[in-house]
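Here's the structure we're looking at; comments come further down.
All heavy atoms count here, side chains included; hydrogens, waters and symmetry mates do not.
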Amino acid sequence: SANAVAGGRVRAVPKARALAAELGLKLEQITGTGSGGSITVSDVEKAAAQSGSSRDVASVRERRQVQGIARAMAVNVARSWQEVPQFVQQISVDATSLKLQRADGDAQGVRVNLTALLIAAVAKAVEQVPEANASFRGEEIVLFSDVNVSVAVATERGLVVPVIRKVQELDVAQIGVAIREVAERAAAGRLDEADITGGTITLSNLGMFGVETGFPLVNAPQAVIVFAGAVVDRPAAVDDEVRIRPELGLAIGYDHRVL
């Protein structure tokens, strides 16, 4: 055997030792290819595949380290799921006015997308329901005056949620510019932790991917997440007549301790 033995114990990295125990393999029977003959995870997987009694261990395509922003998000998602008592309400709204606003912007040479309009709508809604722009902090609920919208952005490196700050002070065109700037930095992998912290409410828009609805997860310590789906033309009853109207699906998740 090429295994390295130290003090009567076969040398193996901790993850390899744990995997071997899980699969019922003896380290003494595994050839180590690591430093000094130490057994690696790959060595255990190879031995398991050859043994025929490995509980059908699948071959590994690649291993991706979870670090930096991805690690911070993973920790926060787990915290949100475990600690926040949350519920979701789903509604469908007539998106005619949203489409008209986009058309008006295009006519005036102002580039406005649906996400910018939705962020502006979130800011307006917060004026009416300030508890939606809040955070549960143990023995108190903190309501914020600034509307800092965390915007879910899909990149080749995975999902990131940069923050558009003080949305209540911006018009739709300015919001659109801010979105493009953070999206470009996200795509280039140039976001830092400051870019993803300080949000007070989250918007996740997956409509561009054809997703119509979902079950969003509250982004702790925030109290609300607004999930927007695709705008789809559907028949609707209007003034006692059936007409085709663009419908937008919204699914809104709430921290039940706040709302």
Side-chain angles (χ1 to χ4, degrees), residues 1-86 138 150-163 182-199 202 204-206 208-211 214-222 225 227 253 255:
S1 172
N3 296 345
V5 180
R9 189 182 188 207
V10 177
R11 289 180 56 185
V13 299
K15 288 184 178 180
R17 192 177 297 278
L19 180 59
E22 178 185 343
L23 298 175
L25 298 175
K26 294 183 179 180
L27 291 175
E28 293 82 359
Q29 298 175 348
I30 301 175
T31 298
T33 61
S35 176
S38 179
I39 296 171
T40 67
V41 171
S42 295
D43 295 331
V44 176
E45 291 170 342
K46 182 178 180 181
Q50 293 173 344
S51 71
S53 58
S54 61
R55 287 200 271 172
D56 297 324
V57 173
S59 60
V60 176
R61 175 174 175 173
E62 70 175 298
R63 298 182 185 279
R64 297 180 178 179
Q65 296 298 313
V66 182
Q67 300 173 341
I69 290 177
R71 175 62 179 168
M73 289 188 61
V75 170
N76 194 62
V77 168
R79 172 192 170 195
S80 299
W81 182 251
Q82 293 168 359
E83 297 182 5
V84 179
Q86 51 193 285
S150 302
V151 185
V153 176
T155 72
E156 292 183 357
R157 297 171 177 80
L159 180 72
V160 292
V161 191
V163 178
V182 297
E184 288 171 1
R185 293 208 311 277
R190 291 189 287 107
L191 294 178
D192 56 33
E193 195 149 347
D195 289 312
I196 64 169
T197 56
T202 293
S204 176
N205 177 17
L206 293 183
M208 67 285 291
F209 300 112
V211 179
F215 197 89
L217 177 66
V218 169
N219 183 19
Q222 299 172 18
I225 179 170
F227 177 94
D255 182 339

Shortest non-hydrogen contact from Ser150 toward Gly199:
OG-CA, 3.5 Å
Pairing residues for Val182 by the side chain to side chain contact (heavy atoms under 4.5 Å, CB included) criterion, not counting sequence neighbours
Pro162, Ile164, Arg185
Does some side-chain heavy atom of Pro221 sit less than 4.5 Å from a side-chain heavy atom of Arg79?
yes
Please name the pair of heavy atoms, one in Val153 and one in Ala186, separated by the smallest distance, quoted to 0.1 Å.
CG1-CB, 4.3 Å
Working to the nearest 0.5 Å, report the span between OG1 of Thr40 and NZ of Lys46.
10.0 Å
In the structure I gave you, are the side-chain heavy atoms of Val44 and Val41 within less than 4.5 Å of one another anywhere?
no
Closest non-hydrogen atom pair between Ala220 and Ser80, with its separation
N-OG, 3.0 Å
Taking only residues two or more places apart in sequence, or in another chain, which ones meet Val218 in a side chain to side chain contact (heavy atoms under 4.5 Å, CB included)?
Val84, Gln86, Ile225
With distance as the sole test, does Arg17 use its side chain to make a donor-acceptor pair with the main-chain N or O of Val10 at under 3.5 Å?
yes
Of the non-hydrogen atoms in Leu19 and Glu45, which two are nearest, and what is the gap between them?
CD2-CG, 3.8 Å
Spacing of Thr33 atom OG1 and Asp43 atom CG [to the nearest 0.5 Å]:
3.5 Å
Counterpart residues, side chain to side chain donor-acceptor pair (under 3.5 Å), relative to Asn76 (two or more places apart)
Asn219
